[in-house]
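Protein chains get the first letters and strands the later ones, always in sequence-line order, with residue 1 at the start of each. Just so you know, these numbers come straight off a predicted model, no measurement behind them.
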There are 2 protein chains.
Amino acid sequence: MNYDSQISKAKEYCEGKGARFTHLREKVYELLLNKESSVGAYDLLDDLKLTETSAKPATVYRTLDFLLEFGLIHRLESTNAFVACHHFDCSHPVQFLICDSCGQVQEIQSEGLKATLDKQAHSLGFKVTKQTIEAHGTCSLCQ
Amino acid sequence: MNYDSQISKAKEYCEGKGARFTHLREKVYELLLNKESSVGAYDLLDDLKLTETSAKPATVYRTLDFLLEFGLIHRLESTNAFVACHHFDCSHPVQFLICDSCGQVQEIQSEGLKATLDKQAHSLGFKVTKQTIEAHGTCSLCQ
DNA sequence: TATCTAAAGATATTCTGTAACTAACGATTC
DNA sequence: GAATCGTTAGTTACAGAATATCTTTAGATA
């Protein structure tokens, strides 16, 4: 319910990098923090409209782009949806476990996975710039 | 250019499973076989329309669903695009290396990657039903 | 205060995907 | 061959996802 400390941490983090953590950005980040599951851009827009009545698709996409750029949120490629990241200050990349039953998204960070994929790619002369690793299935609570 | 043998193999494969490899399905599979890169549904639709003039979005999506179900093609989640699979008769799952420079898509099959992700998930009580593993970067020719 | 830049507002459009219903086709049985 | 039934394809309409462009506003700086 209360993510004030997480939000101020985000604010400091952005401002430390010379970026403005505006009201809109804070609001969108807060909305995402309040979800265990991921949220689609248009669902997010509906939520956002409750307080920011003039919000439009471009509003939410611009804000999401900012949050993505600074690593405050992640994008799930397999569902076209977004999740808050709680530890943006430590280094990434990440992988996701997505429960198809309850929608919960769990972020994991396996150096092993990253390294294995990098190695495989490298052996084929392929240079990786970005990894997308997402697993769908059922979480422990839903089984 | 000539994928006749691949197509007849696909036809046999489907019919062996009691499914009909119709003209439309053959056509769409052929279009995908002729590409090194992945193709979006609407680009595919444009190509398809050259011979199947009545094709509509639903036409192509239904056909893609069929081909996906039988493993004749794969879907790239990070680009919303589709690629032909050349070895649908051996067991999957697969991972992809996607060149952001030339668009080439390379399919790899690393048991290690699959196993690592499965193991990670399992240790958290998560049961994986489907993996999405895609790497973006530059292929050996584009570096 | 004047100026400059980044952010937000506004509008329109494009791309991606699905729902729902109808028509045609193919196989089976009578 | 006619009747039936399930699958495939056609058609229309719409929902969801994302971007382009241009204008306006607000913050920081000089």
Quiz prompt | Contact summary for A:Ala55 and A:Lys49, nearest pair of heavy atoms | solution = O-CE, 3.4 Å
Quiz item: Under 4.0 Å between a side-chain N/O of A:Ser54 and OP1 or OP2 of C:dG9, yes or no?
Solution: yes
Exercise. Verify the contact: side-chain N or O of B:Lys56 to OP1 or OP2 of D:dG10, cut-off strictly under 4.0 Å; return yes or no.
Key: no
Quiz prompt | Sugar-phosphate only, base, or nothing, as touched by B:Ala55 at under 4.0 Å among non-hydrogen atoms | solution = nothing
Quiz prompt | Gap between atoms CZ and P, on B:Phe66 and D:dA9 respectively (whole Å) | solution = 9 Å
Exercise. Could you tell me the separation between the CG atom of B:Asp43 and the C1' atom of C:dT14, rounded to a whole number of Å?
Key: 12 Å
Practice problem: Look at the aromatic rings of A:Phe88 and A:Tyr13 and report parallel, tilted or perpendicular, splitting at 30° and 60°. | Solution: tilted
Self-check item: Residue whose closest nucleotide on DNA chain C lies nearer the 5' end, B:Asn80 versus A:Pro57
Solution: A:Pro57
Self-check item: Whole-Å distance separating the NZ atom of B:Lys49 from the P atom of D:dA9
Solution: 17 Å
Quiz prompt | A:Leu45 CG - C:dG9 C1' separation (whole Å) | solution = 13 Å
Exercise. Write down the distance between NE2 (A:His23) and P (C:dA8), rounded to a whole number of angstrom.
Key: 10 Å
Practice problem: Could you work out the complete set of other residues in the hydrophobic cluster of B:Ile98, with links drawn between I, L, V, M, F, W and Y side chains under 4.5 Å apart? | Solution: B:Leu76, B:Val83, B:Val94, B:Phe96, B:Val105
Quiz prompt | Touch class at under 4.0 angstrom, heavy-atom based, for A:Arg20 against every strand present | solution = sugar-phosphate
Quiz item: Does any donor-acceptor pair link the side chain of A:Tyr42 with the base of D:dA18 at a separation under 3.5 Å?
Solution: yes
Quiz item: Going by atom types alone, do A:His87 and A:Gln109 pair a side-chain donor with an acceptor below 3.5 Å?
Solution: yes
Quiz item: Does A:Tyr61 make a side-chain N or O approach to OP1 or OP2 of D:dA18 shorter than 4.0 Å?
Solution: yes
Practice problem: Provide, to the nearest angstrom, the distance between the CG atom belonging to B:Leu64 and the P atom belonging to D:dA9. | Solution: 12 Å
Exercise. Would you tell me if any nitrogen or oxygen in the side chain of B:Arg75 comes within less than 4.0 Å of OP1 or OP2 on C:dG17?
Key: yes
Quiz item: Between atom CG in A:Asp65 and atom P in D:dA17, what is the gap in whole Å?
Solution: 15 Å
Quiz item: Base, sugar-phosphate alone, or nothing: which one does A:Arg25 contact when heavy atoms must sit under 4.0 Å apart?
Solution: sugar-phosphate
Self-check item: Spacing between A:Phe21 atom CZ and D:dG27 atom P, to the nearest angstrom
Solution: 16 Å
Exercise. Would you name the heavy atoms of A:Lys114 and A:Gln131 that are closest together and state the gap between them?
Key: O-NE2, 3.2 Å
Quiz item: Looking only at side-chain N and O atoms, does A:Thr22 come under 4.0 Å of OP1 or OP2 in C:dA8?
Solution: yes
Self-check item: Along DNA chain D (nearest heavy atom to each residue), the more 5'-positioned of B:Leu24 and A:Phe82
Solution: B:Leu24
Self-check item: Under 3.5 Å donor-acceptor pair, B:Arg62 side-chain atoms to D:dG10 base atoms
Solution: yes
